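This report refers to the structure that appears directly beneath it.
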Amino acid sequence: MTKTFDMIALGRACIDLNAVEYDRPMEETMTFKKYVGGSPANIAIGSAKLGVKVGFIGKISDDQHGRFIKEYMSEAGIDTSQLFTDQKGHKTGLAFTEIKSPEECSILMYRDQVADLYLAPEEIDEEYIKQTDLLLVSGTALAQSPSREAVLKAIAYARKNQVKVAFELDYRPYTWQSPEDVSVYYSIVAENADIVIGTRDEYDEMEGKKGGTNQATTDYLFQHRPELIVIKHGVKGSYAYTKKGETYQAGSYKTQVLKTFGAGDSYAAAFLYALNTGKDIETALKYGSASAAIVVSKHSSSEAMPTAKEIEQLIADQS
């Protein structure tokens, strides 16, 4: 059966307001540029730019910000038929970014009562999920109900219909009530995913301990459903582990770094694209690392998502 989509992403779509003035604290920043943001939205946009057929499940505010997000994603080639408009007055999340230096960037989030966390379980359509090969979910959508239950329902539908699940840990401390909540819900979803992607620090949050090891993480998760685990170590590169016992590693690529955010989303988009197009795991790691390097050299996250040609060019230049 031919599927309508290669991937459906589920979770937050919000607004990034990135500092136009670099090398200064936010207190002194007077102008910001607006982009679509949010990890699953960025991954969807990055994937669409690579030629992946993408659908999106989420919730946006019934206002100018919500309409901006929907229009932008539609124009990027993403199916937004399951991007619902909130009818209860909840607003779109805002992320203001500060670029003090390439190494020192921070994000100030406005995430109180945001529309994306009100995606309800009854809005998850089994027929829609059936139409894809891969469902991508991200950790922030687990922070509160009813979004949390909507994610779990979507995963249940995916499992029932032999749709693979990718879990991008996407840990953000805001909106979570306690570290215990993070550990409980991350573990539930990770144990039920086929592919898990995150940073070493994010896996530590999931495991509820600091200084965890890749060996301990893989020993734990391979007792459950995951077939492939990706653990990112920043500039030291990333590692992929398979249930069969194989280990792959890719270094990071050098670019002129402008800011640090957006790297994880571009990594996930390119890594999953490479796997989807039949490339081996080692090549997929290189695609992820190269894509991340390109995005941290640009001002935005969503707008900066690279094409396959740009990724391949960077890999060729530094191989």
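We number each residue from 1, following the sequence as shown. Note that this is a predicted model, so its numbers are computed, not measured.
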Quiz item: Can you hop from I78 to L119 via hydrophobic side chains spaced under 4.5 Å?
Solution: no
Quiz item: Does the side chain of N192 reach to within under 4.5 Å of the side chain of H224, using non-hydrogen atoms?
Solution: no
Quiz item: Would you say the ring centroid of F96 lies under 6.0 angstrom from that of Y110?
Solution: yes
Quiz item: Just by distance, do the side chain of S238 and the backbone of G234 share a donor-acceptor pair under 3.5 Å?
Solution: no
Quiz item: Hey, are E191 and R159 close enough for a salt bridge, meaning a charged N less than 4.0 Å from a carboxylate O?
Solution: no
Practice problem: Identify the heavy atoms of L228 and A240 that sit nearest to each other, and give their distance. | Solution: CD1-CB, 4.1 Å
Quiz item: If you measure only the distance, is there a donor-acceptor pair under 3.5 Å linking the side chains of Y267 and E168?
Solution: no
Quiz item: Nearest 0.5 Å, what's the CZ-OG distance between F261 and S301?
Solution: 6.5 Å
Self-check item: V54 and I43, any side-chain heavy atoms less than 4.5 Å apart
Solution: no
Quiz item: Among D6, L275, L272, which one satisfies side chain to side chain contact (heavy atoms under 4.5 Å, CB included) with L134?
Solution: L272
Quiz prompt | Y186 ring center within less than 6.0 Å of F167 ring center | solution = yes
Quiz item: Between the side chain of S297 and the main-chain N/O of I294, is any donor-acceptor distance below 3.5 Å?
Solution: yes
Quiz item: Is it the case that one hydrophobic cluster holds both L135 and L142, taking links as side-chain heavy atoms less than 4.5 Å apart, direct or via other members?
Solution: yes
Quiz item: Are the side chain of S266 and the backbone N or O of G262 linked by a donor-acceptor pair below 3.5 Å?
Solution: yes
Quiz prompt | Atom pair CG (N276) and CE (M7), whose distance is rounded to the nearest 0.5 Å | solution = 9.0 Å
Quiz prompt | Nearest-0.5 Å distance that lies between atom CD in E310 and atom CG in L50 | solution = 9.5 Å
Self-check item: Backbone of A316 reached by a side-chain donor or acceptor of S319 within 3.5 Å
Solution: yes
Exercise. Can you see which heavy atom on A154 is nearest to which on L10, and at what distance?
Key: CB-CD1, 3.5 Å
Self-check item: Validation row: Y253, D317 side chains within 4.5 angstrom (heavy atoms)
Solution: no
Quiz item: OG1/T140 to CH2/W176 distance, rounded to the nearest 0.5 angstrom?
Solution: 8.0 Å
Exercise. Kindly work out whether a path of hydrophobic side-chain contacts (I/L/V/M/F/W/Y, heavy atoms less than 4.5 Å apart) joins V165 to I197.
Key: no
Quiz prompt | Approximate separation, where rounding is to 0.5 Å, of S300 OG and N18 CG | solution = 7.0 Å
Quiz item: With a 4.5 Å limit on heavy-atom distance, are the side chains of T175 and M109 in contact?
Solution: no
Quiz item: What heavy-atom pair brings A19 and I99 nearest, and what distance separates the two atoms?
Solution: O-CD1, 4.0 Å
Exercise. Please check if V295 and I311 belong to a single hydrophobic cluster, counting links between Ile, Leu, Val, Met, Phe, Trp and Tyr side chain heavy atoms closer than 4.5 Å.
Key: no
Quiz item: Do N214 and Y241 have side-chain N/O donor and acceptor atoms under 3.5 Å apart?
Solution: yes
Quiz item: Do you know the tightest heavy-atom contact between S138 and D170?
Solution: OG-OD2, 3.2 Å
Self-check item: Distance-only side-chain donor-acceptor flag, D219 / Q215, under 3.5 Å
Solution: yes
Quiz item: L94 versus L108: any side-chain heavy-atom pair under 4.5 Å?
Solution: no
Practice problem: Would you check, one step at a time, whether the test side-chain hydrogen bond (donor to acceptor under 3.5 Å, both in side chains) holds for E98 with S106? | Solution: CA-CA 5 Å; E98 171 182 68; S106 65; 2.6 Å; yes
Exercise. Ignoring hydrogens and angles, state whether a donor on the side chain of S147 or R12 is under 3.5 Å from an acceptor on the partner side chain.
Key: no
Self-check item: K160 and E126 ion-paired at < 4.0 Å
Solution: yes
Quiz item: In the single-linkage hydrophobic clustering (I, L, V, M, F, W, Y; side-chain heavy atoms under 4.5 Å), do I229 and Y185 co-cluster?
Solution: yes
Quiz item: Looking at E312 and K309, does any basic side-chain N land under 4.0 Å from a carboxylate oxygen?
Solution: no
Quiz prompt | Pair K210 + E205: basic N to acidic O under 4.0 Å | solution = yes
Exercise. Answer yes or no: is there a donor N or O on one side and an acceptor on the other, between the side chain of N42 and the main chain of I45, under 3.5 Å?
Key: no
Quiz prompt | P121 backbone acceptor or donor facing K153 side chain under 3.5 Å | solution = yes
Quiz item: Do E207 and T217 have side-chain atoms, one donor and one acceptor, less than 3.5 Å apart?
Solution: yes
Quiz item: Under 30°, 30 to 60°, or over 60°: which ring-plane class applies to H299 and Y22, parallel, tilted or perpendicular?
Solution: tilted
Self-check item: Greater than 12 external heavy atoms within 6.0 Å of K164's NZ
Solution: no
Quiz item: So which of Q113, Q144, K88, E123 actually passes side-chain hydrogen bond (donor to acceptor under 3.5 Å, both in side chains) with Y118?
Solution: Q113
Quiz item: Roughly how far, to the nearest 0.5 Å, is CG of D116 from CZ of F84?
Solution: 14.0 Å
Quiz item: Taking the six-membered ring where the residue is Trp, are the ring centres of Y128 and F5 under 6.0 Å apart?
Solution: yes
Quiz item: For T199 and Y171, what are the C-alpha separation, side-chain angles and deciding distance, and is it a side chain to side chain contact (heavy atoms under 4.5 Å, CB included)?
Solution: CA-CA 9 Å; T199 65; Y171 173 67; over 6 Å; no
Self-check item: Where K243 and P226 come nearest, the two heavy atoms and their spacing
Solution: NZ-O, 3.2 Å
Quiz prompt | Shortest non-hydrogen separation from L314 to A293 and the atoms involved | solution = CD2-CB, 4.0 Å
Quiz item: Side-chain donor-acceptor pair under 3.5 Å between S81 and D79, yes or no?
Solution: yes
Quiz item: Are a donor atom and an acceptor atom from the side chains of T85 and D62 found within less than 3.5 Å of each other?
Solution: no
Quiz item: Are T242 and Y248 close enough, and set up right, to give a side chain to side chain contact (heavy atoms under 4.5 Å, CB included), and what steps lead you there?
Solution: CA-CA 9 Å; T242 70; Y248 302 91; 4.0 Å; yes
Exercise. Report the C-alpha distance between L117 and H90 in whole Å, list the side-chain angles of each, state the deciding distance to 0.1 Å, and finish with yes or no for side chain to side chain contact (heavy atoms under 4.5 Å, CB included).
Key: CA-CA 9 Å; L117 289 174; H90 300 117; over 6 Å; no
Quiz item: Distance-only, no hydrogens or angles: does the N161 side chain make a donor-acceptor pair with backbone N or O of V163 under 3.5 Å?
Solution: no
Practice problem: Examine distances only and state if a side-chain atom of S74 and a backbone atom of K70 form a donor-acceptor pair shorter than 3.5 Å. | Solution: yes
Practice problem: Go through the steps for I15 and I69 under the test side chain to side chain contact (heavy atoms under 4.5 Å, CB included), then give the verdict. | Solution: CA-CA 8 Å; I15 299 286; I69 290 168; 3.9 Å; yes
Exercise. Please check if the side chain of K3 supplies one atom and the backbone of T132 the other of a donor-acceptor pair under 3.5 Å.
Key: yes
Exercise. Not counting sequence neighbours, which residues clear side-chain contact (heavy atoms from CB on, under 4.5 Å) with D63? List them please.
Key: S61, H65, K91, T92
Self-check item: Check: K298 main-chain N/O paired with K259 side-chain donor or acceptor under 3.5 Å
Solution: yes
